[in-house]
Amino acid sequence: MSRELDRRRFLRIAGTGLGAGALYTVWPTLGRFAEAGELARRLGKETGEAPTPFTFVQLSDAHVGFDGPVGTRAFEKAVDIINGLPTTPDLVLFTGDLTHDTEKAGEHASRMTRFQEISARLRVAKVHHVAGEHDAGLDGGDLYRSVFGPTFYSFDHRGVHFVALDNVSRARPEVGAEQRAWLMKDLARFDKTTPIVVFTHRPLFDLRPDWEWFTSDGDEVMTILAPYENVTVLYGHIHREDHHALGRARHHAARSLCFAFPDPETTEDKKAIPFDKGEPFKGLGLRLVDRHPGAPGAAALQVRDVELAMSEYSGTEGFNQILRPATF
């Protein structure tokens with residue numbers, strides 16, 4: 001039996017849908033081997049903290065201020081769900097379109113204030129944001145920066161390096177040369193096995209360019225990330241769940257907190273799914289990922305999806321009644 005450590009499996013990030021958003025569990029798969037201990041020590045030295053298990057939540061596309069039937073109810077429900085989790089997440093990452101844009105004087109700032117009022121109810125230690133085009137597209141991100149801070153930045157948490165990228169504030173879907181140069185410099189101190197989580201608004205690959213589901217220099221960004229073995233990219237913008245594995249990176253989109261878009265493989269029309277007052281949160285769901293340490297390779301992860309329609313459930317016990325296998 002080989003005793004070599006598969007470093008790409010050193011850190012697992014498993015996603016569980018929350019009905020509105022996604023809960024991610026991060027844990028190092030250290031095993032019994034001396035190589036794993038050495039890798040843990042090296043990552044701890046690079047990021048300032050040894051890798052330890054933790055959870056975080058991704059939320060996206062609240063569009064506070066959008067004139068629609070859901071309003072902020074899904075956003076507020078997501079806050080309640082997160083606060084009711086049996087284990088408090090370490091972080092919440094919000095992947096853009098916190099607000100819906102407007103040219104009415106003073107109104108956009110009021111919408112950002114309303115967003116802050118709702119997110120302040122989260123009982124978590126840290127909330128991090130990136131801008132969406134509705135937050136930063138009209139003024140190059142000036143108002144957003146005055147309220148939330150820089151549009152791109154990085155931080156370390158429990159042995160994981162997090163990178164926030166801005167692909168919206170240049171009035172077109174791109175990251176730009178200046179930010180790409182910053183990213184190269186930011187990553188330079190890390191070993192190629194360092195776990196990296198990138199969170200941004202638009203997808204960093206051509207998911208559906210004619211629907212503006214792309215980043216024009218996404219390939220260049222992913223080339224910078226390509227040498228790293230443990231890269232997870234989280235994004236929003238498309239208002240639906242999506243999963244792609246491209247090279248060694250895994251890309252995951254979060255559902256919206258406002259309205260849903262259809263599957264682009266089933267229609268040519270980019271129109272929001274019509275609101276159904278009988279099922280106001282239709283299109284929201286749960287993604288459950290279970291890890292089975294004894295199973296080899298991909299079988300170590302079992303993925304199950306739950307769609308929430310008319311019923312609402314408390315905790316996780318009720319979800320066992322309506323589980324169905326994932327289709328991705």
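Along the sequence shown, residues are numbered consecutively beginning with 1. Values below: every heavy atom of this structure, side chains too, minus hydrogens, waters and symmetry copies.
Summarising the local packing, CG of Asp210 is surrounded by more than 12 heavy atoms from other residues, nucleotides or ligands at distances under 6.0 Å. Taking a 6.0 Å sphere around CG of Asp219, one finds it holds 12 or fewer heavy atoms contributed by other residues, nucleotides or ligands.
The closest side-chain heavy-atom distance from Glu178 to Arg170 is not below 4.5 Å. A 4.5 Å side-chain heavy-atom check between Phe94 and Phe148 finds every atom pair outside the cut-off. Counting heavy atoms from C-beta outward, Val70 and Cys258 have side chains that stay 4.5 Å or more apart. Within the 4.5 Å cutoff, no side-chain heavy atoms of Phe56 are placed close to those of Asp90. Side chains of Val64 and Leu98 form no contact here, defined as non-hydrogen atoms less than 4.5 Å apart. At a threshold of 4.5 Å between non-hydrogen side-chain atoms, the residues Trp182 and Val163 count as touching. Two residues are said to be in side-chain contact when any heavy atoms from C-beta on lie closer than 4.5 Å; Asp166 and Val168 meet this criterion.
The aromatic rings of Phe115 and His129 stand perpendicular to each other, their planes meeting at an angle above 60°, with 30° marking the opposite boundary. Aromatic ring orientation, His239 versus Phe259: tilted (interplanar angle from 30° to 60°). Trp213 and Phe261 have tilted rings, their planes meeting at an angle from 30° to 60° on a 0 to 90° scale.
Going from atom OG1 of Thr113 over to atom CD of Gln116 covers 5.5 Å, rounded to the nearest 0.5 Å. Summarising the geometry, atom CZ belonging to Arg250 is positioned 12.5 Å from atom NE2 belonging to His244; distances are rounded to the nearest 0.5 Å. Here the NE2 atom belonging to His252 is positioned 7.0 Å from the NE2 atom belonging to His243, to the nearest 0.5 angstrom. Separating the CZ atom in Phe75 from the OG atom in Ser119 is a distance of 5.0 Å, to the nearest 0.5 Å. Rounded to the nearest 0.5 Å, atoms OG1 (Thr232) and CZ (Arg248) are 13.0 Å apart. One distance of note links NE2 of His237 with CZ of Arg202; it measures 4.0 Å at 0.5 Å rounding.
Side-chain atoms of Gln179 do not come within 3.5 Å of backbone N or O of Phe152 as any donor-acceptor pair. A donor-acceptor contact shorter than 3.5 Å is absent between the side chain of Asp61 and the backbone of Gly236. A distance-only check finds a donor-acceptor pair linking the side chain of Ser216 to the backbone of Pro173 [under 3.5 Å]. For Asp206 (side chain) and Phe214 (main-chain N/O), no donor-acceptor pair under 3.5 Å exists by modelled atom type. The main-chain N or O of Pro203 is found under 3.5 Å from a side-chain atom of Thr215 such that the two form a donor-acceptor pair. Proximity of a side-chain donor or acceptor of Tyr228 to a complementary backbone N or O of Leu187 within less than 3.5 Å is detected. A side-chain donor-acceptor contact under 3.5 Å links Gln58 to the backbone of Tyr235. A side-chain donor-acceptor contact under 3.5 Å links Thr200 to the backbone of Leu165. Proximity of a side-chain donor or acceptor of Asp135 to a complementary backbone N or O of Asp97 within less than 3.5 Å is detected.
Nearest heavy-atom pair across Pro262 and Asp269 is CG-O, 4.0 Å. Listed here is the closest heavy atom pair of Ala109 and Leu143: N-CD2, 3.8 Å. The heavy-atom pair separating Asp217 from Gly176 by the smallest distance is OD2-N, 2.8 Å. In terms of heavy atoms, Leu257 sits closest to Ala62 at CB-CA, 3.9 Å. Nearest heavy-atom pair across Ala253 and Ile238 is CB-CD1, 3.7 Å. Shortest non-hydrogen contact noted between Leu225 and Val231 is O-CG2, 3.9 Å.
The hydrophobic clustering, which links ILVMFWY residues whose side-chain heavy atoms are closer than 4.5 Å, places Leu204 and Leu246 apart. The cluster map of Ile, Leu, Val, Met, Phe, Trp and Tyr, joined by side-chain heavy atoms under 4.5 Å apart, puts Val79 and Val92 in the same cluster. No single ILVMFWY cluster, assembled from side-chain heavy atoms under 4.5 Å apart, contains both Phe205 and Leu234. Hydrophobic clustering (ILVMFWY, side-chain heavy atoms < 4.5 Å, transitive): Tyr153 and Leu93 are in one cluster. With hydrophobic clusters built from ILVMFWY side chains whose heavy atoms lie under 4.5 angstrom apart, Val198 shares a cluster with Leu183.
For residues 118-127, the set of pairs meeting the salt bridge (charged side-chain N to carboxylate O under 4.0 Å, His left out) definition, not counting sequence neighbours, comprises Glu76-Arg121. For the salt bridge (charged side-chain N to carboxylate O under 4.0 Å, His left out) condition, the pairs that include at least one residue of residues 137-150, sequence neighbours left out, are Asp142-Arg145.
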task = In sequence, state the C-alpha distance, the side-chain angles, and the governing distance for His128 and Phe162, and then conclude on ring-ring contact (aromatic ring centres under 6.0 Å, His included).
result = CA-CA 10 Å; His128 296 276; Phe162 287 82; 7.6 Å; no

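Salt bridge Arg208/Glu268: present, at least one basic N to carboxylate O contact under 4.0 Å.
A side-chain donor from one of His161 and Asp186 sits under 3.5 Å from a side-chain acceptor of the other.
Between Thr99 and the choices His108, Arg111, His63, the side-chain hydrogen bond (donor to acceptor under 3.5 Å, both in side chains) rule is met once, by His108.
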